[in-house]
Amino acid sequence: MSSQFDLRIVPRLVLALAGAVVVAWIAYKGLQDGRIFWIVTLNGITLAALFFVVSAGFTLIFGLMRVVNMAHGSLYLLAGYIAFTIQTNNYGVSSNLLSGNPASFTSWIVPLVIATSVIGVVGVLMQQVFLRWNQGQDLRQALITIAISVILADQMVAHFGGIAESIQQPAAWPDSVQLFGVRYGFFRLVVVVGAALAIGALLFLVIKRTRFGMIIRAGVDDRAMVSALGVNIQLVFAGAFFIGALLAGLAGSLGGTMIAVQPGNDSAFLLDSLIVVIIGGMGSLGGAAIGSIALGLVNSYADVYLKFGTTDLTNYAILLTFVLVVAMLAVRPLGLFGRPA
Amino acid sequence: VSTASSVIAGPGPRSRSSRIPQWVALGVLVIFLAGAPSVVDSFTLSQILTKALWLGIAAASLIFLSSYGGMISLGQTGIFAVAGFTMANLVHAEGGKNLGWDPLAATAAGILVATAFGLMCGAIAARSYGIYFLMITLAISVIVFYFFAQVTTLSGYGGIRSVTPPPLIGNPVLNPLPLYYTSLVASIAVYTGIRYLARTPFGLALQGIRDDPARMQALGFNVALHRALAFGVGAFVASIAGILSVWYTTQVSPGGVNVAMTINILIIAVVGGLYRLEGAWIGALVFSLIDNYSRVWLPNVGDWLGPERFETVIGVIFLVIVLASPGGLVGIWESVWARRNRAMRGPAEGSGTVAEVVDEAVEPHAV
């Protein structure tokens, strides 16, 4: 037990081999039917776009404040419900055209903006009321956010019921677009991917080019020093939490239109954010992007390509996610771009 | 963060003299629990006491890891589920593989498979600390949930019903006594087993690693191996709870091992006290009491509160405990006790409560 043997080279070799086999298998299936391959890839990329918007907020909050916001998924779901409720109650929009109006651009964007801002404010309140005075105790903060997520999940069931709903996209928008010979959902491909790219670019610019971003980067490296230099670090923390929650809210509104709003989405998207940042490394935006793409592609390829002859293993797709996490941790315990706390 | 004095201290710095009354209290408690069936009705016995005992074992596996290993794991539910589903698939049941094994052999197999799975998860997670460890183990639980929900040959969303218990247990609905005593014996075995393990060289090394992994590494201990093995021990304990839970409900379904269950076990551990083993069963008792009676007396307050809103109540209690006392109910008891002693002895002798000392130790270390 006393010797510390180094076997780290073994997992790397195994992983490289396994990765090569997987890529070869997907390439083989892709060459067989290029159309399906392309649709499956687009599924993965659009899913990845949504994952990125959710996990960017998660990783931003962690990077700066070392707070793992376990209520992030709850904020995501709450935003979806708020947007859905406003769209239904205030604009009379319904998927059933006999009893309600079709959605216009206004009746889609206004609920989205309101829901997103409300969630941003909820995030700041949560940070100010519960987390601020526990700074530095990261496990305790995680437990506090878990408690909040338990309460929120139960209250959402009480107020919004257990039925899956979905936010209607503007009726004027096309249902699908033509891309490389296949028709693909307009909202998923153009709106969600576009939003993810815009947010990625915006966050990159804010973090690399503005004074606020400079303070955030410095804060990630050394909070105490930034504070000592006269920066109001509490204000920066509140700002970061606002942006992080805002992103969860935006993702919830987008995801509610793209997929659905239903109980259980909160833990599902918390898990997705966790996996993304475990792969990419906590606190890194680039890591979140790469982690999202990896998770999105693995999810969608596994759903279709886990068929070998007559053996259908697509039910086991979830295990591949596990393998992905295990593989990353075996090689890099802190994820691709993670740094020790 | 850590102090030299806390290395190789048990989960609580208690003097030798205070240890004897503790064992006496434990003995009295066991005698009381053994006689409980003649005092309480069978509904209370089954719905409160038996449930509290197996939930307590599940929480004890978490508290063992947090108090002795400094690892707060959310993976216990996943392991709990693997044990339950393995056992349920092997015996006669509606759904699943229905292989018709002898229930006791299936139980042993369930515990074995879950412990092996736990060791594997431990090997994966052992190099991560604090919050990273929490997230990785949460991912393990959630993935196990999705696995059993999606793989219809092993379970599917409906789960496995009418699982055959061993003849020793019989039908727990008709006669709750055998399962109650089995759970009681299992709880005592788990409690004393963990207390014993904590004093073995392995247990002491584990506590050293909890307090200062870097120092233990420098002393020549294989830190990752110790942590992985400890996770395996925790998995063994969790698998016992998993088996008991299947006997208790005679069925197992993914709905019983979802994130809510993961959180419930964490809540039980935190409410009882993350750093004291006894807290597991205290938390579990409080949990099952609230679980049962909140559905009766909780008033309707708009949509916010009512008989259906058990999760809200338990969530608020959890929040209050986390905010007010990191040591849980046991921690509150101890700080009251310490304050009383301090008042009697004078202020000079006062020292931090157990929870304060260990809370510091459980914070992740830079390695």
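Order of the sequence lines fixes the chain letters, A, B, ..., with proteins taken first and strands second; residue numbering starts at 1 for each chain. Only heavy atoms go into these numbers, but all of them, side chains included; no hydrogens, no water, no symmetry mates.
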Check against side chain to side chain contact (heavy atoms under 4.5 Å, CB included), A:Ile146 and B:Ile267: CA-CA 9 Å; A:Ile146 287 176; B:Ile267 290 176; 5.8 Å; no
Residues A:Asp266, B:Val259; criterion side chain to side chain contact (heavy atoms under 4.5 Å, CB included); working and verdict: CA-CA 10 Å; A:Asp266 45 356; B:Val259 175; over 6 Å; no
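Counting only heavy atoms from C-beta outward, the side chains of B:Phe318 and A:Ile151 never approach each other to under 4.5 Å. Put simply, the side chain of B:Leu319 reaches to within 4.5 Å of the side chain of A:Phe130, judged on heavy atoms. Contact check for B:Leu274 versus A:Leu143: side-chain heavy atoms found under the 4.5 Å cut-off. Using a 4.5 Å heavy-atom cutoff, the side chains of B:Arg309 and A:Gln155 are in contact.
A:Ile144 touches chain B through backbone and side chain together, each having a heavy atom under 4.5 Å away. When heavy atoms are compared at a cutoff of 4.5 Å, A:Ile278 approaches chain B solely by way of its side chain, counted from C-beta outward. Contacts between A:Leu270 and chain B at a heavy-atom distance below 4.5 Å involve the side chain alone, from C-beta outward. Both the backbone and the side chain of A:Ala268 come within less than 4.5 Å of a heavy atom of chain B. Using a 4.5 Å cut-off between heavy atoms, B:Leu134 touches chain A through its side chain atoms alone. Contacts of B:Val322 with chain A are made by both backbone and side-chain atoms, with heavy-atom separations under 4.5 Å. The parts of B:Thr312 that come within reach of chain A are both its backbone and its side chain, each placing non-hydrogen atoms under 4.5 angstrom from that chain. When heavy atoms are compared at a cutoff of 4.5 Å, B:Thr153 approaches chain A solely by way of its side chain, counted from C-beta outward.
Closest of all the heavy-atom pairs between A:Ala147 and B:Gly315 is CB-O, 4.0 Å.
If you take CG on A:Asp154 and CH2 on B:Trp304, they are separated by 11.5 Å, rounding to the nearest 0.5 Å. Considering CE of A:Met70 and CG of B:Leu266, their distance stands at 8.5 Å, rounded to 0.5 Å. From B:Tyr146, atom OH reaches atom CG of A:Leu271 across 6.5 Å, with rounding to the nearest 0.5 Å. To the nearest 0.5 Å, atoms CD1 (A:Ile275) and CD1 (B:Ile136) are separated by 11.0 Å. In this structure, CZ in B:Arg127 is found 9.5 Å from CG in A:Leu334, a value given to the nearest 0.5 Å. Rounding to the nearest 0.5 angstrom, the gap separating the CD1 atom in B:Ile72 from the CG atom in A:Leu139 is 4.5 Å.
Few gaps surround CD on B:Gln150; more than 12 heavy atoms of other groups in view lie less than 6.0 Å from it.
When B:Val142, B:Val151, B:Leu323 are compared by the number of non-hydrogen pairs under 4.5 Å with chain A, B:Leu323 comes out ahead.
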